[in-house]
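Report on the following structure.
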Amino acid sequence: MPGMETSTAGSPTPTTDPGAAAIPLLDAGLPDFPALTPERLRDAVLAATAAQRAVWDEVATDPEPPTVANTLDRIEAARADVRHAFWALYTLAGSAADDATRAAESELAPMMAAHRDAFYLDKRLYERLRTLRDGLVDPDPEVAWLLHRYLEDFERAGIALDDAEAARLRELNTAISAAQTEFAQRAAAGMAAAAVHVEDERLLAGLPAETVSGLRRSAADRGTDGALVTFILPTAQPIVTQSPSRELRERVHRASVARGFGVDPASDTRELVLRLARLRAERAVMLGHPHHAAYVAAGGTARSTDAVAGMLAQLAGPAVRNAHAEADELQQALTRDDPDATLQPWDWGYYADRVRSETYQVDEAALRPYLELDNVLLRGVFLAAERLYGLTFAERPDLPGYADGVRVFEVTRPDGSRGGLFVADYYAREGKRGGAWMHQLTEPSRLTGELPVVVNNLNVTRPAPGEPTLLTWDEVTTAFHEFGHALHALLSDVHYPSLSGTAVPRDFVEYPSQVNEMWAWHPEILASYARHHETGEPMPAHLLDALRESQAYGEGFRTTEFLAAALLDQAWHTLAPDEVPTDVADVEAFEARALAEAGVAMETVPPRYRTTYFNHAFGGGYDAGYYSYIWSEVLDADTVEWFRTEAAQGDDGGLNRQAGDRFRDALLSRGHSRDPLASYRELRGRDADIGPLLRRRRLTGEG
Ligand SMILES: [Zn+2]
């Protein structure tokens with residue numbers, strides 16, 4: 001389940017003096033990356049934030065009575081330069097970081113938090129916006145909604161606090177931001193430090209030749225002999241599924257789940273976890289909530305932690321029951337190999353893969369020659385967007401990216417007008433964080449006329465020179481997923497930049513991207529992209545059928561490991577400040593207790609992320625919000641059903657312009673320009689129904 005990044009709704013930003021503050025932009029707003037150094041970006045962020053503050057001051061001290069034009073429009077128009085500079089830096093820090101970039105990011109993160117505070121703790125601005133709201137007669141709905149959003153954000157940010165409290169809040173925000181950045185950096189360092197060096201050749205037996213040569217190359221890259229299993233995912237490593245060597249699997253698994261617990265002191269994150277839990281709890285209490293999770297839920301579509309807890313609890317029982325049934329089956333498979341062995345967590349992936357292939361005759365390796373990256377992107381991901389939304393894509397080799405292998409595409413709308421740029425960064429590289437995510441480099445809006453510039457990030461292993469890039473099925477799904485986020489930005493049609501595209505609450509933002517995964521499976525799209533990279537022949541029907549049938553296999557495991565992480569995230573963030581443990585040695589015990597109390601403790605199924613490498617929860621972005629993925633999946637599953645039934649024409653499965661246009665008009669184009677659930681109701685004619693999700697994840701009936 002890939003993560004993504006979005007701008008925080010309503011977080012302000014940029015400017016009056018483009019000379020000093022603006023970074024050089026190429027066509028359509030793409031930063032001129034080759035011209036940017038970390039120092040230059042740092043200076044640009046500092047200049048742009050200063051210029052933006054000057055605008056805020058001008059608005060706050062304007063002697064004229066507030067109007068939409070002299071208040072709201074100016075605040076919104078002043079976001080651009082900070083956005084451009086900061087997101088360019090964010091791009092480099094996330095995808096091609098060297099030490100200088102990381103240092104600039106670390107330096108600026110607390111400064112950006114303070115900058116945000118400078119806006120949201122400014123009582124003059126708050127009062128001016130309130131006066132504006134109270135004086136408007138029959139306002140434009142988007143204006144009314146934006147004012148509502150701003151005022152709520154001011155209140156959530158602590159505008160009602162007295163001066164002493166506000167000063168403490170600023171300290172907390174700065175400290176939290178710095179700790180999050182350090183957590184993210186340590187978690188990334190922890191992945192590098194966890195690499196497993198293999199000297200005993202026998203442990204490599206049974207692995208595909210290309211995997212072994214990759215492991216040897218990794219060892220050589222680090223100047224050592226033998227083979228090196230480097231960590232390519234923040235979750236479980238693929239080698240644990242591939243390797244017949246129980247010893248190798250165990251070593252990699254143990255290295256994985258020990259990350260951040262102090263084996264490697266430089267990537268120990270336990271003190272940061274405790275510090276963040278305490279600081280966030282203190283801040284939440286100060287803002288009138290019992291704990292951080294309550295504060296977060298109130299800002300989402302869930303509204304309360306009771307609603308979150310109720311939903312997770314509804315799923316936990318059936319999910320764990322299904323996982324136990326799967327464990328029994330895997331134990332039988334293991335027993336056939338080794339009559340005395342008891343199933344361990346490092347056996348799960350390997351035997352699950354075997355049982356799945358035996359049951360469904362599915363062969364992941366046989367699929368890959370049919371899943372070549374260029375085909376998947378140009379004849380799959382892009383084709384679905386063309387069929388649904390009329391978008392077309394043309395590569396712009398004249399526009400440079402920020403690293404080798406980054407490609408830029410021009411997007412054209414159905415009426416022939418320019419639709420912005422799509423940046424495809426699919427390859428893993430040194431200095432790139434793990435996982436997959438989308439982020440933006442602009443904020444499209446009618447107010448500024450800015451076009452969307454969207455980046456999709458994956459971590460596909462680069463093939464040897466001259467070899468094709470063959471994807472796994474998982475990577476194909478991820479490409480469609482991240483492109484769903486991209487569409488949310490590319491199809492955005494709002495007046496105000498801070499309301500554009502993915503600027504929706506966290507527990508809503510995964511919904512459009514999850515929906516987009518459905519097109520990876522669509523027969524017409526599949527037939528177009530799933531072709532043998534050498535012969536061009538379509539993927540054989542038996543492979544396809546097996547893949548389709550096998551997809552439901554393992555839902556017990558997937559749902560349980562997800563829920564365990566989501567419940568862990570809630571457990572850490574439903575503590576009052578004085579309930580947070582103070583000794584780093586307590587982190588592990590707290591985690592075990594939280595999982596047991598939530599009913600999701602299974603020795604063979606660890607949480608998808610353990611506390612110490614749970615970047616969603618502690619690196620900033622999804623803290624107390626990891627539940628969002630399954631929360632938005634309710635909307636996703638219900639919408640997939642809509643495409644396949646009501647929106648379908650004949651047997652097209654919903655792949656038509658009318659369906660796409662309706663999804664775009666009611667939902668994707670709206671961004672956060674109104675209540676997202678109102679957009680949902682416009683699409684579906686009612687609130688979301690949880691039934692399709694329960695059926696998809698096999699959580700109904702007796703499991
Ligand atoms: Zn996502």
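Because the structure is a prediction, the values reported are computed rather than measured.
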From the list Val453, Val454, Thr448, side-chain contact (heavy atoms from CB on, under 4.5 Å) with Thr442 holds only for Val453

Q) Does a salt bridge link Arg407 with Asp425, judged by any charged N lying under 4.0 Å from a carboxylate O? A) no

Original post:
Does a side-chain N-to-carboxylate-O contact under 4.0 Å join Asp153 and Arg116?
Top reply: no

Closer than 3.5 angstrom, by distance alone: can the side chain of Lys432 be matched with the main-chain N or O of Leu92 as a donor-acceptor pair?
no

Item to check | Arg283 side-chain N/O to Leu169 backbone N/O, donor-acceptor pair under 3.5 Å | outcome: no

Original post:
Below 4.0 angstrom, N of the basic side chain to O of the carboxylate: do Arg674 and Glu682 qualify?
Top reply: yes

Are Arg670 and Asp665 ion-paired here, with the side-chain N under 4.0 Å from a carboxylate O? no

Check the side chains of His616 and Asp569 for a donor-acceptor pair under 3.5 angstrom, ignoring hydrogens and angles. no

Practice item. Say whether Trp631 and Thr301, considering side chains only, have a donor N or O and an acceptor N or O under 3.5 Å apart. Key: yes

**Item:** Glu76 side chain to Tyr150 side chain, donor-acceptor N/O pair below 3.5 angstrom
**Value:** yes

Given side-chain hydrogen bond (donor to acceptor under 3.5 Å, both in side chains), test Tyr126 with Glu155 step by step and report yes or no.
CA-CA 9 Å; Tyr126 176 65; Glu155 283 145 24; 2.7 Å; yes

Practice task
Measure from the side-chain N and O atoms of Asn457 to the backbone N and O of Trp437, and report whether any donor-acceptor pair falls under 3.5 Å.
Solution key: yes

Contacts satisfying side chain to side chain donor-acceptor pair (under 3.5 Å) that involve residues 133-146 (not counting sequence neighbours) are none

Point to revise | Backbone of Arg418 reached by a side-chain donor or acceptor of Arg413 within 3.5 Å | key: yes

CZ of Arg128 to OG1 of Thr71, rounded to nearest 0.5 Å, is 3.5 Å

Has Thr67 got a side-chain atom pairing as donor or acceptor with Asn70's backbone, closer than 3.5 angstrom?
yes

Backbone N or O of Pro497 within a donor-acceptor pair of the Ser500 side chain at under 3.5 Å?
yes

Against the six-membered ring of Tyr389, is Arg657 placed for a cation-pi contact (under 6.0 Å from the centre, within 45° of the normal)? no

- Answer yes or no: is there an ion pair linking Asp43 with Arg40, defined by an N-O contact shorter than 4.0 Å? no

Requested in this report: Go through the steps for Asp493 and Arg446 under the test salt bridge (charged side-chain N to carboxylate O under 4.0 Å, His left out), then give the verdict.
Outcome: CA-CA 7 Å; Asp493 184 15; Arg446 291 197 292 272; 2.6 Å; yes

Salt bridge check: are Arg124 and Asp122 linked by an N-O gap of less than 4.0 Å?
yes

Checklist entry - Taking 4.0 angstrom as the limit, do Asp27 and Arg396 come out as a salt bridge? => result yes

Presence of salt bridge, Asp163 and Arg168, under 4.0 angstrom
no

